[in-house]
K.L.:
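Have a look at this one.
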Amino acid sequence: MKKIQVGIIGAGGYGGCGAVELLNRHPAAEIAALIDQQDIGKAISDLYPHLTGFCDLPLRNPQDPDLPEHFDVVFFATPDGVGQKGGPNWLRKGTKVIDYSGDFRFNDADTYAGYAARIGRTEPHASPDILPKSVYGLAELHRDGISRSDLVGNPGCFAVSCILGLAPAVKEGLIDLDGIICDAKTGVSGAGKKPSPTFHYPARYEAMNAYKVSGHQHVYEIERELGLLAGTAVTITFTPHVVPLCRGILSTIYGSLKPGRSLPQVLDAYRSFYGKDIFVRVFGPEKPQSSINVRGSNFCNLSVNIDERTGKLIVVSHIDNLVKGQAGSAVQNMNIMFGLDENTGLMNPGIFP
């Protein structure tokens, strides 16, 4: 059987490397080309020596005349602004597009503009005409839409963690919609590969800090998705932190339980909601979870608890920001788009310790 031919644009970054790692062991897909604007001509295994012998393809310039004319799917493992300019060209060729950035997470230009303002982008969307065709790439909520789409906007990593942690509570009316709090911690790899003084080892070792307090861009998509589930506008308080960890996101989520809700009822609601979602695992307080339990995997582990004294639902959501929060979701979406089993190439337990 002919394998899915994949092109990875932005292959030299962490998101591109993650896609290479996953696709290298994918039985139905094959990396056809690695594309970047830096380190042209270098093998990906020169940048990431752990790939030696597994993937030694060179990085190629986007303008390389010898690039394949067609891929079955292109991953844009690129910053905001790149996919919205390059994506339409591939779509016209019949290639499916999965974009890692916020370029295609929103279905109209006005909504995108609200998101763009949060990241300091003032330019209008370069391809507003194709925004209505895009599907938000959180498979657990939009599986059907993804299966029918040629254009998917991968969700933000914090958004994956918080939306999955809150979706059953919001959809099933377990909590009040006012006063929801998401307190999230991420590893340093979430800042990407490009060095900066803020993420220099001496500045990060034994250091933790909150950032973009009350203004992080992922809030925009979290509130949008929760609002769709609730059927009304939802506003949350979200504070992200960087912790001295390479990879992983831990989000502690608080909501006020509605009267009469017990822990067994809440656990039943969560397990029922995610009954068909192989990559979301629900645990009660008897099995405390850790970020290391999902490191290197495409799983989201949810620890569901109730504080009887305060009447709060407390959900602790764990993901690997580079897998379920990025490349893993992209491969999961690719599988759905091509009619494969959703877990193809992704059923790995992660790494320990």
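Just so it is clear, the model here is predicted, and its values are computed rather than measured.
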K.L.:
Closest heavy-atom contact between Gly15 and Ala77?
P.N.:
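The pair with the smallest heavy-atom distance is C-CB, 4.0 Å.
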K.L.:
Before we go on, tell me: are the rings of Tyr211 and His216 under 6.0 Å apart, centre to centre?
P.N.:
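Yes - the distance between ring centres of Tyr211 and His216 falls below the 6.0 Å cut-off.
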K.L.:
Determine whether a donor-acceptor pair (N or O, by modelled atom type, separation under 3.5 Å) exists between the side chain of Lys324 and the backbone of Val160.
P.N.:
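No: the side chain of Lys324 does not pair with the backbone of Val160.
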K.L.:
So, the side chain of Glu223 versus the backbone of Tyr220: is there a donor-acceptor pair under 3.5 Å, distance only?
P.N.:
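Judged by distance alone, no pair lies under 3.5 Å.
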K.L.:
Think Arg281 forms a cation-pi with Phe299, using NZ or CZ under 6.0 Å from the six-ring centre and within 45 degrees of its axis?
P.N.:
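Here Arg281 passes the 6.0 Å and 45° test against Phe299.
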K.L.:
Side chains of Gln37 and Asn61: any donor to acceptor distance under 3.5 Å?
P.N.:
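Short answer, no.
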K.L.:
Less than 6.0 angstrom separating the ring centers of Phe238 and Phe158, yes or no?
P.N.:
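Between Phe158 and Phe238, which both carry aromatic rings, the centre distance is below 6.0 Å.
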K.L.:
Which value, rounded to the nearest 0.5 Å, describes the distance between Ile35 atom CD1 and Leu67 atom CG?
P.N.:
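Ile35 CD1 to Leu67 CG: 4.5 Å, rounded to 0.5 Å.
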K.L.:
Please report the shortest heavy-atom distance between Leu322 and Asp320, naming the atom on each side.
P.N.:
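Scanning both residues, the minimum pair turns out to be N-OD1, 2.8 Å.
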K.L.:
Where do Lys3 and Pro27 come nearest, in terms of heavy atoms and distance?
P.N.:
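Reported closest heavy-atom pair: CE-O, 3.4 Å.
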K.L.:
Looking only at the aromatic ring of each residue, does the gap between the centers of Phe104 and Tyr112 stay below 6.0 angstrom?
P.N.:
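No, the ring of Tyr112 stays outside the 6.0 Å limit from the ring of Phe104, centre to centre.
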K.L.:
What are the two closest non-hydrogen atoms of Pro88 and Ile130, and how far apart are they?
P.N.:
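Closest pair (atom of Pro88, atom of Ile130, distance): CG-CD1, 3.7 Å.
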K.L.:
Taking the side chain as C-beta and beyond, is there a heavy-atom pair between Leu263 and Asn305 under 4.5 Å?
P.N.:
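Side-chain contact under 4.5 Å: no.
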K.L.:
Do we see a donor-acceptor contact under 3.5 Å between the side chains of Asp103 and His125?
P.N.:
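There is no such pair (donor and acceptor under 3.5 Å, judged by atom type) between the side chains of Asp103 and His125.
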K.L.:
With no hydrogens and no angle check, is any side-chain donor or acceptor of Ser297 less than 3.5 Å from a backbone partner on Asn348?
P.N.:
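No, Ser297 side chain to Asn348 backbone: no donor-acceptor pair under 3.5 Å.
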K.L.:
Check for me whether Lys96 meets the cation-pi criterion with Phe338, that is, NZ or CZ under 6.0 Å from the six-membered ring centre and within 45 degrees of the ring axis.
P.N.:
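Yes, a cation-pi geometry.
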